Amino acid sequence: MNFQLTEEQLAVQAAAREFAQNELWAGVIERDEHQKFPAEQVKKMGELGFMGMMVSPEYGGGGMDTVSYVLAMEEISKVDASCSVIMSVNNSLVCWGLEQYGTEEQKQKYLTKLTTGEMIGAFALSEPEAGSDATSQRTTAEDKGDYYLLNGTKNWITNGTTASVYLVIAQTNPELKHRGINVLIVEKGMEGFQTGPKENKLGIRGSDTCSLMFNDVKVPKENRIGEDGFGFKFAMQVLAGGRIGIAAQALGIASGAYELSVKYSKERKAFGVPISQHQAIQFKLADMATNIDAARLLCLQAAHDKDAHQDYAKSGAMAKLFASKVAMDTAVEAVQVHGGYGFVKEYHVERMMRDAKITQIYEGTSEIQKIVISREILK
């Protein structure tokens, strides 16, 4: 077992840390407060290669491994989880899915622009009546010969108003249930396709989340990814990898809250000494550090499994389940360490606490992760 990172991986980590500290800190509170999409920052992420990290250089990507992606996600999430979820969806769900299962024409048309940030991608699975139960798709894609007629509504879509390309999961053959589901590439501007207003959210407020409405949208047959009926399997495959990205996001939120807590504990004095000298605070920091290291090892294990082309369903689900709990627990304790200052926006940790909660919900709730894990261990 080798726990050492390669020179390339360390370089990616350093680049992500530098970008996050120099480009994301400034304005992060304002973006959260006003639900402002980080357009300039996302553009720079594209220029630096963070929007298509694992895609082959043939399509403009970085050709990096999943471990590098996890390292970059952690560093960016330490500062701004809104930026990191935009990056995660584009990398894990959209780019990876297109490269693995798309046609050469689809890759040339869409993937080459998504990897550079020229386009932003979105993944549309959830519906008003289909969240954790992804098989219950009410959105329909009626086969009309050379095109599909798309009708329905999607909910909670990250990058909803800013994306140019949407991978939409829809039911074509209801009698076949999940085997009758397809995935279609929908472009912004297609007639009959509308985005709803941005959701006013608890956390990750810089990321735009909205509903999508499809009213007799004609989607060309060549925009279907994979064979007829492949949509559900596609969704499950990309979400398995997406969980690693969200686990890394949760890890980053926890790490960011912990680092701020250590710094604050050395500066803040109580009873004549820095609070870092009080055992009550020392024990909180010790628990934080231990849990974060454990979460990091789970994230790296899942990334390693994916890179080694091993089954990563269990390790990815474990990483997300544990890292998201660590994010929530650590952020709550970070507010406690900061005391009254932790309750005001200027000190960042209250934002991290709000951002942490969604990591236990999206791309598979913690309860769904337990179902995935238990199925794997009982095989």
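Keep in mind the model is a prediction, meaning the values are calculated, not measured. Positions are given from 1 along the sequence.
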[X] [atom1]: over 12 foreign heavy atoms closer than 6.0 Å:
{"X": "Gln21", "atom1": "CD", "answer": "yes"}
{"X": "Lys233", "atom1": "NZ", "answer": "no"}
{"X": "Gln336", "atom1": "CD", "answer": "no"}
{"X": "Glu191", "atom1": "CD", "answer": "no"}

**Report entry** N-O pairing of Lys44 and Glu23 below 4.0 Å
**Finding:** yes
Taking [Y]'s backbone N and O only, do any of them form a donor-acceptor pair with [X]'s side chain (distance below 3.5 Å, no angle check)?
{"X": "Lys357", "Y": "Leu202", "result": "no"}
{"X": "Gln249", "Y": "Ala81", "result": "yes"}
{"X": "Arg205", "Y": "Asp32", "result": "yes"}
{"X": "Glu127", "Y": "Arg138", "result": "yes"}
{"X": "Glu175", "Y": "Gly180", "result": "no"}
{"X": "Ser77", "Y": "Glu74", "result": "no"}

Test item: [X] and [Y] side chains (from C-beta on) under 4.5 Å apart, heavy atoms:
{"X": "Val70", "Y": "Arg296", "answer": "no"}
{"X": "Asn223", "Y": "Tyr110", "answer": "yes"}
{"X": "His348", "Y": "Trp25", "answer": "yes"}
{"X": "Leu98", "Y": "Tyr59", "answer": "no"}
{"X": "Met53", "Y": "Met87", "answer": "yes"}
{"X": "Val168", "Y": "Phe193", "answer": "no"}
{"X": "Val332", "Y": "Met328", "answer": "yes"}
{"X": "Glu129", "Y": "Ser136", "answer": "no"}

Heavy-atom closest pair, residues [X] and [Y]:
{"X": "Ile204", "Y": "Asp355", "value": "N-OD1, 2.6 Å"}
{"X": "Leu212", "Y": "Ala124", "value": "CD1-CB, 3.9 Å"}
{"X": "Val67", "Y": "Asp307", "value": "N-OD2, 3.3 Å"}
{"X": "Ala122", "Y": "Ile157", "value": "CB-CG2, 4.0 Å"}
{"X": "Ala254", "Y": "Ala327", "value": "CB-CA, 3.8 Å"}
{"X": "Ala15", "Y": "Phe50", "value": "C-CZ, 4.1 Å"}

Grouping I, L, V, M, F, W and Y whenever their side-chain heavy atoms are under 4.5 Å apart, do [X] and [Y] come out in a common cluster?
{"X": "Val238", "Y": "Val372", "answer": "no"}
{"X": "Tyr101", "Y": "Leu114", "answer": "yes"}
{"X": "Tyr258", "Y": "Met353", "answer": "no"}

Query - Criterion side chain to side chain contact (heavy atoms under 4.5 Å, CB included) on Gln137 and Leu125, from CA distance to verdict - result: CA-CA 8 Å; Gln137 295 293 304; Leu125 173 65; 3.5 Å; yes
Query raised in the report: Does the pair Lys78 and Glu75 meet the rule for a salt bridge (charged side-chain N to carboxylate O under 4.0 Å, His left out), with working shown?
Result: CA-CA 5 Å; Lys78 282 181 183 180; Glu75 292 300 329; 3.3 Å; yes
Would you check if there is a donor-acceptor pair between the side chains of [Y] and [X] at a distance under 3.5 Å?
{"X": "Gln9", "Y": "Gln13", "value": "no"}
{"X": "Asn151", "Y": "Thr140", "value": "no"}
{"X": "Ser132", "Y": "Glu367", "value": "no"}

Query raised in the report: In terms of the angle between their ring planes, are His278 and Phe271 parallel, tilted or perpendicular, with boundaries placed at 30° and 60°?
Result: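 It falls in the perpendicular class, over 60°.
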Report task. Kindly assign one of parallel, tilted or perpendicular to the pair His338 and Tyr347, based on the angle between their ring planes and the thresholds 30° and 60°. Result ->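 Perpendicular, since the angle between the ring planes exceeds 60°.
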How many angstroms lie between [atom1] in [X] and [atom2] in [Y], if you round to the nearest 0.5 Å?
{"X": "Tyr312", "Y": "Asp305", "atom1": "OH", "atom2": "CG", "value": "10.0 Å"}
{"X": "Asp228", "Y": "Ile181", "atom1": "CG", "atom2": "CD1", "value": "11.5 Å"}
{"X": "Met45", "Y": "Ser84", "atom1": "CE", "atom2": "OG", "value": "8.0 Å"}
{"X": "Leu184", "Y": "Tyr166", "atom1": "CG", "atom2": "OH", "value": "15.0 Å"}
{"X": "Leu93", "Y": "Arg243", "atom1": "CG", "atom2": "CZ", "value": "10.5 Å"}
{"X": "Asp208", "Y": "Asn159", "atom1": "CG", "atom2": "CG", "value": "6.0 Å"}

Report task. Is it possible for you to check whether Lys218 lies under 6.0 Å from the centre of the six-membered ring of Tyr148, through NZ or CZ, and within 45° of that ring's axis? Result ->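 No - Lys218 does not lie over the ring of Tyr148 by the 6.0 Å and 45° rule.
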Requested in this report: Check step by step if side chain to side chain contact (heavy atoms under 4.5 Å, CB included) holds for Ile86 and Phe37.
Outcome: CA-CA 10 Å; Ile86 295 163; Phe37 184 80; 3.4 Å; yes
Requested in this report: Could you please spell out the steps behind the salt bridge (charged side-chain N to carboxylate O under 4.0 Å, His left out) verdict for Glu222 and Lys109?
Outcome: CA-CA 12 Å; Glu222 59 263 27; Lys109 186 175 182 181; over 6 Å; no
Query raised in the report: Going through the checks in order, is the side chain to side chain contact (heavy atoms under 4.5 Å, CB included) test met by Ser92 and Ile244?
Result: CA-CA 8 Å; Ser92 298; Ile244 300 174; over 6 Å; no
Query raised in the report: Are Asn173 and Arg179 close enough, and set up right, to give a side chain to side chain contact (heavy atoms under 4.5 Å, CB included), and what steps lead you there?
Result: CA-CA 8 Å; Asn173 297 295; Arg179 292 185 178 88; over 6 Å; no
Query raised in the report: Yes or no on salt bridge (charged side-chain N to carboxylate O under 4.0 Å, His left out) for Lys263 and Glu267, after CA distance, side-chain angles and deciding distance?
Result: CA-CA 7 Å; Lys263 182 174 181 289; Glu267 296 168 353; 3.1 Å; yes
Query raised in the report: Lys306 and Asp65: salt bridge (charged side-chain N to carboxylate O under 4.0 Å, His left out), yes or no, with the steps?
Result: CA-CA 9 Å; Lys306 188 167 183 285; Asp65 59 8; over 6 Å; no
Report task. State which residue, out of Lys198, Glu199, Lys201, Gln35, fulfils the side chain to side chain donor-acceptor pair (under 3.5 Å) condition with Thr209. Result ->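 For Thr209, the side chain to side chain donor-acceptor pair (under 3.5 Å) check succeeds only for Lys201.
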